[in-house]
J.: 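Have a look at this one before I ask anything.
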Amino acid sequence: MILSRRASLMLGLATVSAAVLPRIALAQTAAPTSFAYPVEGGQVTFHPVDHASMVVETPGGVIYVDPVGGADLYRGMPQPSLILITHEHGDHFDLPTLQALPPVAIIANPAVHGMLPADMQSRATAMANGDQAQAMGMGIEAVPAYNTSPDKQQFHPQGRDNGYVLTVGGKRFYIAGDTEDTPEMRALDGIDVAFLPMNLPYTMTVQQAADAVAEFRPVSVFPYHHRGSDVQEFARLVEASGAGSLVVLADWYPRGEG
């Protein structure tokens, strides 16, 4: 993990004391497996699962974000109350995995909602870019997620896919989904924890991600969905930018990046 002066103002990592964190990023094999942040009424805990999939515990219930890879990956995790899906690509949306998980409420972008079988659609809500909703005592905002580079726009066209901002107990958590450093991302305000993708050719370069961090200045930022990218370089760039954001390097590839 990379600490900056602003780290003393961060929400706080319940699993690791910020007072003893090193300034050099931890090797992924040494990284904690969960990250807890205090909010009003309790805490929000993030469990990286694999690549872009995570489990989020909140005071109001448990969220599975982009669950793929089979139900076995979630064995031992708390049971979900809600599933969030950002978009239709196979590393974010996998119908067999969804069918193997408990039949809970689903929030997805409209394209994925239209791909769900009837039994899932009956418990699913479509959120388009810019939509807002309430669930489990938290606010959910659907943030546009798309490619801006002309040679990448076929991967994530503007208007189709979502990122999400979750507002829980007065804190704001941004899960970007697959996107480049869009104007909407750069305009975000008051983000306490951000999860940003950075792998090519589909999302951002580490430079784009660091430039975005310098604009919207989250208190803490996790690189995720980063297979093949140099996250140490991302951390160096964020530190050099003066953004003051704490970079957290979690283990998103427990089975390797292959």
Side-chain angles (χ1 to χ4, degrees), residues 11-16 28 31-39 41-87 89-109 112 120 123-125 127 133 135-140 142 145 162-169 171-178 191-197 218 220-227 248-256:
L11 299 172
L13 285 168
T15 53
V16 184
Q28 290 209 355
T33 57
S34 63
F35 303 83
Y37 296 84
V39 299
Q43 64 183 25
V44 173
T45 303
F46 296 92
H47 304 275
V49 175
D50 188 79
H51 187 55
S53 302
M54 69 182 81
V55 171
V56 185
E57 295 184 76
T58 80
V62 176
I63 308 164
Y64 283 12
V65 179
D66 286 346
V68 302
D72 283 351
L73 286 182
Y74 298 86
R75 188 165 295 160
M77 292 287 185
Q79 291 294 290
S81 307
L82 173 68
I83 292 171
L84 280 182
I85 302 172
T86 60
H87 68 289
H89 291 165
D91 53 342
H92 298 261
F93 168 54
D94 178 57
L95 189 56
T97 299
L98 295 177
Q99 290 169 328
L101 292 173
V104 300
I106 297 171
I107 290 176
N109 67 315
V112 166
M120 286 189 184
R123 54 185 165 93
T125 299
M127 288 187 70
M136 301 180 348
M138 68 180 172
I140 304 174
N162 289 339
Y164 296 101
V165 173
L166 311 178
T167 301
V168 187
K171 303 297 182 182
R172 285 164 57 80
F173 304 92
Y174 173 46
I175 301 169
D178 279 10
I191 299 297
D192 294 289
V193 181
F195 294 83
L196 298 186
S220 298
V221 59
F222 287 73
Y224 87 137
H225 194 289
H226 61 70
R227 183 178 284 112
V248 185
L249 301 183
D251 185 4
W252 295 94
Y253 299 96
R255 299 174 295 173

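For this chain, numbers begin at 1 and follow the sequence in order. Just so it is clear, the model here is predicted, and its values are computed rather than measured.
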J.: To the closest 0.5 Å, what do you measure between OH (Tyr174) and CG (Leu166)?
T.: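 These two atoms lie 11.5 Å from each other.
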J.: Once you measure the plane-to-plane angle for Phe222 and Trp252, does it fall in the parallel (<30°), tilted (30-60°) or perpendicular (>60°) bin?
T.: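 If you compare the ring of Phe222 with that of Trp252, the planes turn out perpendicular.
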J.: Can we call the ring centroids of Tyr253 and His226 under 6.0 Å apart?
T.: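 Centroid separation for Tyr253 and His226: below 6.0 Å.
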J.: How close do Ser81 and Met136 get, counting heavy atoms only, and between which atoms?
T.: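 Shortest heavy-atom contact: CB-SD, 3.5 Å.
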J.: Kindly indicate, with the supporting measurements, whether the criterion side-chain contact (heavy atoms from CB on, under 4.5 Å) is fulfilled by Val56 and Met138.
T.: CA-CA 13 Å; Val56 185; Met138 68 180 172; over 6 Å; no
J.: Which heavy atom of Phe35 sits nearest a heavy atom of Thr33, and at what distance?
T.: CE1-C, 4.4 Å
J.: Determine whether the aromatic ring centres of residues Tyr224 and His51 are separated by less than 6.0 angstrom.
T.: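 No, ring centres 6.0 Å or more apart.
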J.: Any chance you could measure Asp66, atom CG, to Thr86, atom OG1, to the nearest 0.5 Å?
T.: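 Reported to 0.5 Å precision, the distance equals 3.5 Å.
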J.: Check whether any side-chain heavy atom of Asp50 sits under 4.5 Å from a side-chain heavy atom of Pro254, and report yes or no.
T.: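 Touching, per the 4.5 Å side-chain cut-off.
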J.: Ignoring hydrogens and angles, write down the donor-acceptor pairs under 3.5 Å from the side chains of residues 96-104, residues two or more places apart or on other chains.
T.:
unit_1 : atom_1 : unit_2 : atom_2 : d
Thr97  : OG1    : Gly69  : N      : 3.3
Thr97  : OG1    : Gly70  : N      : 2.8
Thr97  : OG1    : Asp94  : OD2    : 2.4

J.: Which heavy atom in Tyr74 sits nearest to a heavy atom in Ser53, and how many Å separate them?
T.: OH-CB, 3.4 Å
J.: Search all heavy atoms of His47 against all heavy atoms of Ser34 and return the closest pair with its distance.
T.: ND1-CB, 3.4 Å
J.: Heavy atoms only: give me the nearest Pro78-Tyr64 pair and the separation to one decimal.
T.: O-OH, 2.8 Å
J.: Should Asn109 and His92 count as side-chain neighbours, where that means a heavy-atom distance under 4.5 Å?
T.: no
J.: Is the shortest side-chain heavy-atom distance between Ile107 and Tyr164 below 4.5 Å?
T.: yes
J.: Any non-hydrogen side-chain atom of Val62 less than 4.5 Å from a side-chain atom of Met77?
T.: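 No; the side chains remain at least 4.5 Å from each other.
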J.: Kindly give the heavy-atom pair with the smallest separation between Pro197 and Ala176, and that separation in Å.
T.: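 That closest heavy-atom pairing would be CD-CB, 3.7 Å.
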J.: Distance check, rounded to the nearest 0.5 Å: Ile85 atom CD1 versus Met120 atom CE?
T.: 8.0 Å
J.: Determine the interplanar angle of the Phe46 and Tyr37 rings, folded into 0 to 90°, and report it as parallel if under 30°, tilted if 30 to 60°, perpendicular if over 60°.
T.: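 It falls in the perpendicular class, over 60°.
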J.: So do the side chains of Val193 and Lys171 get within less than 4.5 Å of each other, counting heavy atoms only?
T.: no
J.: Going by side-chain contact (heavy atoms from CB on, under 4.5 Å), Val168 matches just one of Ile140, Thr58, Asp192. Which one?
T.: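 Result for side-chain contact (heavy atoms from CB on, under 4.5 Å) with Val168: Thr58.
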J.: Distance check, rounded to the nearest 0.5 Å: Met127 atom CE versus Asn162 atom CG?
T.: 7.0 Å
